[in-house]
Amino acid sequence: MSILSDVWSDVRSLFFVPRCAVCHTPLVAGEERICTLCRVTAPLTGYWREADNPVLERCRDLMPIHRASAFLFFSHGSGWRDLIHGFKYRGSWPLARMMGEWYGRALAESGLYDDVDVVIPLPLHPLKRCLRGYNQSEYIAEGIASRLGVGVDRHSVCRRRYTASQARKARRERAANVEGAFRVVAPGALAGRHILLVDDVMTTGSTLMACAEAIAKRVPDCRISIAALAVSRRELGVKD
């Protein structure tokens, strides 16, 4: 059976060449989903190594947050933008898990997130999850949690109100759109814990902060940190 599997794998490789999810060049032996060159030249923020950084400053402008970071800079026209859209809109969820593991290794190496107790993915409304088939933030959270050695809590916080996409909304509209959208259904499970709230892309921070605020109101003795896979340079006011 293994011989047949090997033959089938060889046949598939002749017709379906695996390509880098960022630059779309063919992958070589030892490369997985993202080529070596793209990994080396990735627009990493380095913010996970800094106790104080622009992401934390943005979050603290809105509410008290313990730690905050983002892994990549997100920009239009970038292959990394295509990668994120791939697992957000085109079903490439294994990429989300892989990126979460990469990010999680960085968080673990920094030492700033060693006391995280639980990772919570930003919830999707049940209707949106049904339409998409999955929540990409859950896969990112799984990857991060696996490297931090903690669990993922998918049930203590829910999205109780369906909201329109934030993509084309102005800053004030984004905040109003997600106001009251989240609810903590199991505050006891989060009491006294250090929570790492995870999402794929942070633009203005309105959605993440709306969720964090809902948690803080119901669980005042917890600490909340933020981990976004990608962040907008423009929104942070950071130059290239």
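Computed from heavy atoms alone, side chains included, the values below leave out hydrogens, waters and symmetry copies. On a predicted model such as this, the values are computed, not experimentally measured, just so you know. Quick note: residue numbers are just sequence positions, from 1.
Pairs engaging residues 27-55 under the side-chain hydrogen bond (donor to acceptor under 3.5 Å, both in side chains) rule: E31-T36 [sequence neighbours left out]. For residues 185-196, the side-chain hydrogen bond (donor to acceptor under 3.5 Å, both in side chains) pairs, not counting sequence neighbours, are D115-H194, H194-S225.
Between F74 and W80, the closest side-chain pair of non-hydrogen atoms is not below 4.5 Å. Looking only at side-chain heavy atoms (C-beta outward), C211 and V157 come within less than 4.5 Å of each other. The shortest side-chain heavy-atom distance between I215 and I224 falls under the 4.5 Å cut-off. The shortest side-chain heavy-atom distance between L72 and M99 falls under the 4.5 Å cut-off. For the pair Y89/R132, a side-chain contact is recorded, criterion being any heavy-atom separation below 4.5 Å from C-beta on. Within the 4.5 Å cutoff, side-chain heavy atoms of P187 are placed close to those of V219. The shortest distance between side-chain heavy atoms of S69 and Y103 falls below 4.5 Å. For the pair L190/I120, a side-chain contact is recorded, criterion being any heavy-atom separation below 4.5 Å from C-beta on.
Closest non-hydrogen pair, T25 versus C35, comes out as OG1-SG, 4.3 Å. Residues V17 and P26 share a closest heavy-atom pair of CG1-CB, 3.7 Å. Taking both residues in full, the closest heavy atoms of A51 and L56 are given as O-CD2, 3.1 Å, listed atom of the first, atom of the second, then distance. Residue L196 comes nearest to A227 through the heavy atom pair CD1-CB, 3.8 Å, listed as atom of the first residue, atom of the second, then distance. Heavy atoms only, all atoms of each residue included: P54 and L236 are closest at O-CD2, 3.7 Å. Across all their heavy atoms, A230 and A70 have their closest contact at C-CB, 4.3 Å.
One distance of note links SG of C222 with CG of D117; it measures 10.0 Å at 0.5 Å rounding. Atom CG of L208 sits about 11.0 Å away from atom CE of M63, to the nearest 0.5 Å. Here CD of Q136 is found 9.0 Å from CD of E138. Values are rounded to the nearest 0.5 Å. For the atom pair S156 OG and R218 CZ, the distance stands at 11.0 Å (nearest 0.5 Å). In this structure, the separation between CG on D200 and OG on S137 is 4.5 Å, given to the nearest 0.5 Å. Taken to the nearest 0.5 Å, the OG atom of S232 stands 11.5 Å off from the CZ atom of R81.
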Give the table of side-chain donor-acceptor pairs shorter than 3.5 Å for residues 140-152, with sequence neighbours excluded, one pair per line with atom names and distance.
from: E142; atom 1: OE1; to: R97; atom 2: NH1; distance (Å): 3.2
from: E142; atom 1: OE2; to: R154; atom 2: NH2; distance (Å): 2.6
from: S146; atom 1: OG; to: G143; atom 2: O; distance (Å): 2.7

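Both V201 and V119 are part of a single hydrophobic cluster, where members link through side-chain heavy atoms under 4.5 Å apart. Grouping the Ile, Leu, Val, Met, Phe, Trp and Tyr side chains by contacts below 4.5 angstrom, directly or via other members, places V198 with Y113. Taken together through direct or relayed side-chain contacts under 4.5 Å among Ile, Leu, Val, Met, Phe, Trp and Tyr, W102 and F73 form parts of separate hydrophobic clusters. Hydrophobic clustering of Ile, Leu, Val, Met, Phe, Trp and Tyr side chains at less than 4.5 Å, counting indirect connections, keeps L83 apart from L27. No path of Ile, Leu, Val, Met, Phe, Trp and Tyr side chains, each step under 4.5 Å between heavy atoms, connects L112 with V118, placing them in separate hydrophobic clusters.
The main-chain N or O of F87 is found under 3.5 Å from a side-chain atom of Y134 such that the two form a donor-acceptor pair. Checked by atom type and distance alone, the side chain of S92 never pairs as donor or acceptor with a backbone atom of L95 at under 3.5 Å. A donor-acceptor distance shorter than 3.5 angstrom exists from the side chain of D221 to the backbone of G192, with no hydrogens or angles considered. A distance-only check finds no donor-acceptor pair linking the side chain of R159 to the backbone of L124 [under 3.5 Å].
In summary, the side chains of H85 and R90 do not present any donor paired with an acceptor at a separation below 3.5 Å, with no hydrogens or angles considered.
With D199 as reference, L122 is the one residue of I226, L229, L122 to meet the side chain to side chain contact (heavy atoms under 4.5 Å, CB included) rule.
For A214, the side chain to side chain contact (heavy atoms under 4.5 Å, CB included) partners at least two apart in sequence or on another chain are F182. For the side chain to side chain contact (heavy atoms under 4.5 Å, CB included) test, no residue two or more places apart in sequence or in another chain qualifies with P126. Residues satisfying the side chain to side chain contact (heavy atoms under 4.5 Å, CB included) criterion with R183, sequence neighbours excluded, are C158, R160, V185.
In the displayed structure, R129 atom CZ is contacted under 6.0 Å by more than 12 heavy atoms of other residues, nucleotides or ligands. Other residues, nucleotides and ligands place no more than 12 heavy atoms under 6.0 Å from the NE2 atom of H155.
Between R105 and E109 there is no salt bridge, since no side-chain N of the basic residue sits under 4.0 Å from a carboxylate O of the acidic one.
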